[in-house]
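Here is the structure we will look at, set down as structure tokens.
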Amino acid sequence: MTETKGKFDFAIDRGGTFTDVFARLPDGRERVLKLLSRDPQNYKDAPTEGIRRVLEEETGQVFPRDQPLDTSLIGWIRMGTTVATNALLEREGERTALLVTKGFKDLLHIGTQARPKLFDLEVAVPEVLYEVVIEVDERVVLKQDSCLLPWKDSKRIVTGSTGESLVVWKELALDHVEKDLRGVLSRGITSLAVLLLHSYTWSNHEKAVGALARRLGFIQVSLSSEVMPMVRAVPRGYTVCADAYLTPKIHQYLKGFTAGFKDDPNPPWRYNSLISDGGLTHMEQFCGSRAILSGPAGGVVGYAVTSYSQLEKKPVIGFDMGGTSTDVSRYAGQYEHVFEATTAGVTLQAPQLDINTVAAGGGSRLFFRSGMFVVGPESAGAHPGPACYRKGGPLTVTDANLALGRLLPSFFPKIFGPSENEPLSLEETMKHFHHLTQEINLFLSSNQPQAMSVEEVAMGFIRVANEAMCRPIRALTQAKGHDTSHHVLACFGGAGGQHACAIARALGMKTVFIHKYSGVLSAYGLALADVVEEVQEPCSLQYEQHCYSELDRRVEQLSKRCHDAICARGFTSSQITTEVFLHLRYKGTDCALMVTAAAHPSNSQSCLAGDFRGAFTERYMKEFGFTIPDRPIMVDDIRVRGCGKSGIKSVHKSKIGHGQTKPIMVYEVVTKCYFEGGYLDTSVYLWEELQCGNSIQGPAIIIDKNSTILVEPCCEACLTAGGDVCMTVSSDPHCTLGTQLNTVQLSIFSHRFMSIAEQMGRVLQRTSISTNIKERLDFSCAVFGPDGGLVSNAPHIPVHLGAMQETVQYQIRSLGDKLKEGDVILSNHPCAGGSHLPDLTVITPVFRKGASSPVFFVASRGHHADIGGITPGSMPPHSTSLQQEGAVFVSFKLVTGGIFQEDAATEALMAPAQYPGCSGTRNLHDNLSDLRAQVAANQRGSQLVGELIDSYGLAVVQAYMGYIQSNADLAVRDMLRDFAHRQQQQTGSLEVESEDFMDDGTPIRLRVQINKEEGSAVFDFTGTGTEVWGNCNAPRAITLSALIYCLRCMVGQDIPLNQGCLTPIKVIIPPGSILQPSQNAAVVGGNVLTSQRVVDVIFRAFEVCAASQGCMNNISFGSESIGYYETVAGGAGAGPGWNGRSGVHSHMTNTRITDPEILEKRYPVILEQFSLRPGSGGTGKYCGGDGVIRKLLFRNKVVLSVLTERRSTRPYGLQGGEDGAAGLNLLHRADGRVLNLGAKTSVSLQPGDMFCLYTPGGGGYGREEDAHRRPQTKRRRLHETFPERGSIFEYRMAQEGV
């Protein structure tokens, strides 16, 4: 297939703004071309126009634009396109209907129930892709041998593709479906997505519906069982909706594209499209769910093939910096795929290259906020663009580069200004920078005697931008145990060349590689790509000897399907390779890895496809630091990837032989460019004028048609044999920095301290063993100053915010001089800053030579699944004393003199057994393993801060710890002053107050007195009710966490969440109250319930928004063999300018809910309904969000525990808005009785009993009669609201979804 001699071959990347064309000519030469993707005055379609221009210029023939092109000259055409991505971002796909199992019409609206932005009170969530929902009265459930449900009639038993048996609970009635589908067609909707529960393994009902829909005339019918047959209904549902929504648009575009060519007598494989996993597929098979990364995937293939050396095997980081965002990826001999990722708020379950997009690019805006330099995430976009574009835009990273002389307007086309005929404007940029510099110097006048110059300000923003882009690269490499410095940085895209040297130096990398086609690398990557066919099916086998024959049979079957499909596209068997992957996990865990056995050949103890056990355990050890030898390995999916080798040859030529480099003397011009030391003479070269072996010493600028490369001082650029630029980067010179505040360094240190906390978290996740920490990511890591004050904390779990600071400072007061080097402290007691007992905090004091006391502290807090007490899980709904909730640690030395105190820790963890009705920990092994992991995470944090001290000195690092805290202090003071000003204008008073009630009538009262001049406030909770009999008592640390959360929401922008947030705040809590209970009070409900009421009271005082559901709806059930716990969403409160979101978690929790299919697969329960609760949100000018209805039918005897609030009191409305509806907990007994369980109870259930949960709605905002005056909100592009994607983003979302 690859032989197309004498023909023109085209690889085209059709982007949103530009279309890039790579052409291989009949004589072997190569050409590249860049043109506007939309230019209707000159041509209909950019890819067709690019082909036409090349053919005309190379053959001398005339090809009129209004006539189809002759394909006889063309060998092949390959295309990557953003058509699907743009349709998703703009929500301009095909009108679509969703057909779903009855009871789940709102399943995709609720999704995981977690909100995407933790501190966004509006809870901006992308809308669903479908227009209409049809509920189908059908149901299949997995057969459970232990099920004791009394069947009313005989049910059909079927076998799924995984080998599992299923019960057809409710047969499909196609006549009812037909009536509904005809109604949809009558509305003009011809695209249908079908999602039926458990169709991943048994798809008969879906196929029957699909056949009916096609017969009725639906043009696009997407079945979830065909699009991606993987367990988990929610991501599979999003994927099938995206497929139905986007595929018609893609086919519509491709039909228009192919119409630009004459009828083609050759086979159809002439036209191929790039899919998200980096492989080529025939255009007819190019579908919406596989097209989202079609464009960026070409860039990954491009740098992977051109930058990675099979001999050196040095891994490569791809760095693609564009206008609004930067893409980061990694290649080490194999493409790194993810199988679930979110783009524009839609989670797609499909193989995709792991391309991580961060909101930092050339168009990222520059801000100076509360004494700190801030870059992004807001972007200037293409219109108006940066200030230098002459369209009234703001200052951006591009402007900073222009101000420093790193961009040269004379080398740019004159395409700027209102008429798009002017050059870049240095004057406009400098005018903006002068204004910003004055603002910065005015702020600094009291702290920094020497004013900053415009150049210093611009350079400061560049350094902050570089540090922001370094963080995802560190995360991408260190997440899987790789050393960032042992990589090559492959730079492409328009803006990356100006930052490549600085970023490589900051990360410790020595080499930067920039391909000659870096400006069009996605198009070139298409030319290098292979044709790919992937097949995948679910599985439920163990990876054991007795299952190998079945695994081998299924692998052989899938491999043949791949092989035959590629053969049908013109390949011979010698050109085809297949690779087998198994999706493996340890039994009882959720952490599955897609594993290839390419480096592990089969043996007598493995299946024929390879030694997957060896491959899995090796990779598990690499990523997580341990294995679980005695645990069975489960196969969740079988995947086969077939490749037809079809890419053009690209030889890796990045090396320059010894003695071959030669300096170049000819340059275009010498300019002045600003670096750390001031202005330096900088030679400017044109890339096309350079010759192989030329060596250029920095500082220098190399200019290409599509990019500008900055060679920084002490760096060297060489032109390789292939015409590419390879730069050698010098080490970072030793920093000389004083203890006096430097605002640029303040921003950089803020990133560094956050990065340290993030890296601690990665170590903890990798080395822990429990599901709670390793998979649910229920932990926080933090760095503290010598006084125990919080400096940085990651991730931002609301109930952990600021709480660890109380714990560390308690240990300093309690232990003092008893803290020695090599000691590690364990604590969880509420009197010592604990939140609830399962959250174990491990604290490491760090000493330096010559210092008598700790110079700083690091700590990690993790939620342990069980630490003893009266119920499994250590979260009893009916506890009345602390001892009933598990093991207690106040100032326990977990490590003494470097030795882990296993015996003493074991004794303490088993100690609750001495109390009546209590047990010691029920999972000692996991407790000890996770505590060791927390010690290891602290050790990593200690090492990283130590390296920072080695670079800058102890005094400097400690000084900047203080400055970062002061920055948060300043941001909160600014917010309080602004509120005081508005409050005084409206009421003449600087005091506000509010109260709300717990369901038992306990009041929580707050009075806030604000000092306008100081920007300080007193939060006085005097009048709050006394400690209660039960467990809704909240330790002081919980109130402080809730307060920091509220302050951050009210500030409304990213600030460091540290001790400084509370510096301007004085908190008064009466001892003996529900918010500061006695030493032995039960507190588990305070953490999960009372914390929400504290938030409600604070927001009510400041009139920020109406109350959200005010509850976490803690539901648990279990028996001697199983245990399950979940929190359930409700309605969010409305606010000034927004309706409350329905079916979402709010405020102090953001937990993801278990997918319906996983729930039913692992537990003795059938989820009968999970949908919104209509009318439960309060009405008003802006309406509160609705709560949800969740019905659980139990198949076995279990004990159900319910720990909830807002069952008597209702979430308040504001400014005339109505209150939201209260929640309700009902139990439907199998004998027909219906019982109201109340807010808090524990009850034994029998098979056939059903628990029905109705969660509260959110309060409304404003009077309902004013609703018609509601202003129209401007619709934003989704990439502006949700710009990030990739595994790093998914990890952070998972952390914040705890």
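- Ion pair R390/E422 flagged as a salt bridge, since at least one NZ, NE, NH1 or NH2 atom sits closer than 4.0 Å to an Asp/Glu carboxylate oxygen.
- Here the side chains of V972 and M1050 are not in contact, with every heavy-atom distance at 4.5 Å or above.
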**Report entry** Chi angles and distances behind the side chain to side chain contact (heavy atoms under 4.5 Å, CB included) call for H499, N401
**Finding:** CA-CA 9 Å; H499 299 259; N401 278 309; 3.1 Å; yes
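- Shown here for M372 and S750, the closest heavy-atom pair between the two residues is CE-CB, 3.9 Å.
- A donor-acceptor pair shorter than 3.5 Å cannot be found between the side chains of E947 and S951.
- Closest of all the heavy-atom pairs between E712 and A502 is OE2-CB, 3.5 Å.
- There is no side-chain donor-acceptor pair under 3.5 Å between N1058 and Q965.
- For Y679 and E455, the side-chain atoms include at least one donor-acceptor pair closer than 3.5 Å.
- Note on E676 versus R463: salt bridge recorded, some NZ/NE/NH1/NH2 to OD/OE distance being below 4.0 Å.
- A side-chain donor-acceptor contact under 3.5 Å links S730 and R505.
- There is a side-chain donor-acceptor pair under 3.5 Å between D399 and T396.
- Looking only at atom types and distance, the side chain of D354 has a donor-acceptor partner in the side chain of N356 under 3.5 Å away.
- Under the 30°/60° scheme for interplanar angles, the aromatic rings of F368 and F443 are found to stand perpendicular.
- Using bins of under 30°, 30° to 60° and over 60° for the plane-to-plane angle, the ring pair F461/F433 lands in the tilted bin.
- Side-chain contact check for S329 and Y303: at least one donor-acceptor pair (N or O, by modelled atom type) lies under 3.5 Å.
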Report task. Evaluate side chain to side chain contact (heavy atoms under 4.5 Å, CB included) for L366 paired with V397, printing each intermediate quantity in order. Result -> CA-CA 7 Å; L366 312 181; V397 171; 4.1 Å; yes
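- Taking the side chain as every heavy atom from C-beta outward, V1104 and C1049 never approach each other to under 4.5 Å.
- A 4.5 Å side-chain heavy-atom check between M961 and F753 finds at least one atom pair inside the cut-off.
- For the residue pair G362 and M321, the shortest heavy atom distance occurs at N-CE, 3.7 Å.
- Here the closest heavy-atom approach between residue V512 and residue A504 is recorded as CG2-CB, 3.6 Å.
- The shortest side-chain heavy-atom distance between M727 and C715 does not fall under the 4.5 Å cut-off.
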Query raised in the report: Run the salt bridge (Lys or Arg N to Asp or Glu O under 4.0 Å) check on R115 and D120 step by step: do they pass?
Result: CA-CA 8 Å; R115 58 195 187 277; D120 177 16; over 6 Å; no
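- When all heavy atoms are compared, the tightest approach of I440 to F373 is CD1-CZ, 3.8 Å.
- Taking the six-membered ring for Trp and the full ring otherwise, the centers of F319 and F492 sit at least 6.0 Å from each other.
- Side chains of T511 and V729 form no contact here, defined as non-hydrogen atoms less than 4.5 Å apart.
- A salt bridge links E467 with R752: at least one charged nitrogen is closer than 4.0 Å to a carboxylate oxygen.
- Contact between T671 and L408 at its shortest, heavy atoms only, is OG1-CD2, 4.0 Å.
- Remark: H487 engages R330 in a side chain to side chain donor-acceptor pair (under 3.5 Å) (not counting sequence neighbours).
- At a threshold of 4.5 Å between non-hydrogen side-chain atoms, the residues D969 and C1061 do not count as touching.
- The shortest distance between side-chain heavy atoms of M509 and V488 does not fall below 4.5 Å.
- Salt-bridge formation is detected for the pair R369/E378: a Lys NZ or Arg NE/NH1/NH2 atom is positioned less than 4.0 Å from an Asp or Glu carboxylate oxygen.
- For an aromatic pair to be called close, the ring centres must be under 6.0 Å apart, and Y952 with F749 satisfies this.
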Query - Step-by-step side chain to side chain contact (heavy atoms under 4.5 Å, CB included) determination, S683 to I701 - result: CA-CA 6 Å; S683 302; I701 293 174; over 6 Å; no
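- You'll find the side chain of H434 reaches within 4.5 Å of the side chain of M430, heavy atoms only.
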Query raised in the report: What do the steps show when you test R973 against S1016 for side chain to side chain contact (heavy atoms under 4.5 Å, CB included), and what is the final call?
Result: CA-CA 6 Å; R973 288 184 191 274; S1016 61; 3.8 Å; yes
